[in-house]
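Written below as structure tokens is the structure these notes are about.
These values consider heavy atoms only, across backbone and side chains, with no hydrogens, waters or symmetry-generated copies.
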Amino acid sequence: MGTLSIKKYRIDYYFKHPKMDFSNSITVTAQNVDEAIETARKEVKECYGESNFKNFSFKPDANYCGVVVG
């Protein structure tokens with residue numbers, strides 16, 4: 001069996017609210033893009049809080065997704 005390699009993923013996130021919108025990105029290390037999105041969701045929730053979390057959406061950055069590290 002092959003070994004799973006850890007990769008860097010940049011996940012873009014977007015905040016939509018009637019009074020304000022913004023976008024940003026976070027770079028995480030993970031074994032696959034689904035794990036990277038879940039890690040990003042957890043980090044964003046910790047930073048911005050549970051009450052604001054419903055206004056966020058997440059998408060992997062097409063240009064910087066799955067870069068092998070180590």
Side-chain angles (χ1 to χ4, degrees):
M1 292 195 156
T3 60
L4 294 174
S5 60
I6 299 295
K7 300 176 183 176
K8 281 189 179 183
Y9 294 88
R10 179 179 293 149
I11 306 299
D12 298 327
Y13 59 91
Y14 307 91
F15 179 81
K16 297 264 186 213
H17 189 273
K19 294 184 180 183
M20 177 183 67
D21 297 342
F22 71 87
S23 64
N24 204 347
S25 66
I26 184 171
T27 301
V28 299
T29 54
Q31 293 181 355
N32 58 55
V33 70
D34 294 328
E35 183 180 308
I37 290 172
E38 284 306 310
T39 301
R41 290 172 59 87
K42 179 184 171 201
E43 295 291 328
V44 168
K45 186 185 281 189
E46 287 177 9
C47 182
Y48 294 101
E50 183 78 35
S51 62
N52 291 314
F53 188 69
K54 66 183 179 287
N55 297 313
F56 283 94
S57 61
F58 298 82
K59 180 176 150 183
D61 183 304
N63 295 321
Y64 190 73
C65 196
V67 177
V68 176
V69 295

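Relative ring orientation between Phe56 and Tyr48 is described as tilted, the plane-to-plane angle lying within the 30° to 60° band.
Connection of Tyr14 to Val28 is not established within any shared hydrophobic cluster, with ILVMFWY side chains joined at heavy-atom distances below 4.5 Å, either directly or through further cluster members. Residues Val33 and Val44 fall within the same hydrophobic cluster, defined by Ile, Leu, Val, Met, Phe, Trp and Tyr side chains chained together at heavy-atom separations under 4.5 Å.
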Side chain to side chain contact (heavy atoms under 4.5 Å, CB included) evaluation trace for Phe53 with Arg41: CA-CA 9 Å; Phe53 188 69; Arg41 290 172 59 87; 3.5 Å; yes
Candidate pair Glu46 and Glu43, rule side chain to side chain contact (heavy atoms under 4.5 Å, CB included), full reasoning: CA-CA 5 Å; Glu46 287 177 9; Glu43 295 291 328; 4.2 Å; yes
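The shortest non-hydrogen separation linking Ile11 to Pro60 is CD1-CA, 3.9 Å. Nearest heavy-atom pair across Ala30 and Ala36 is CB-N, 3.6 Å. When all heavy atoms are compared, the tightest approach of Asn32 to Tyr9 is CA-OH, 3.2 Å. Closest heavy-atom contact between Phe58 and Ile37: CB-CG2, 4.3 Å. Here the shortest heavy-atom pairing between Lys16 and Asp21 reads CA-OD1, 3.3 Å.
Atom-to-atom distance recorded for Met20:CE and Asn52:CG is 7.5 Å, nearest 0.5 angstrom. How far CD of Glu35 is from CD1 of Ile6: 6.5 Å, rounded to the nearest 0.5 Å. With rounding to the nearest 0.5 Å, the separation of OG in Ser23 from OH in Tyr13 is 9.0 Å. For the atom pair CG (Asp12) and CD1 (Ile26), the distance works out to 11.0 Å, reported to the nearest 0.5 Å. Atom CG of residue Asp61 and atom NZ of residue Lys8 lie 13.5 Å apart, to the nearest 0.5 angstrom. We find the CG-CZ distance between Asn63 and Arg10 to be 8.5 Å, quoted to the nearest 0.5 Å.
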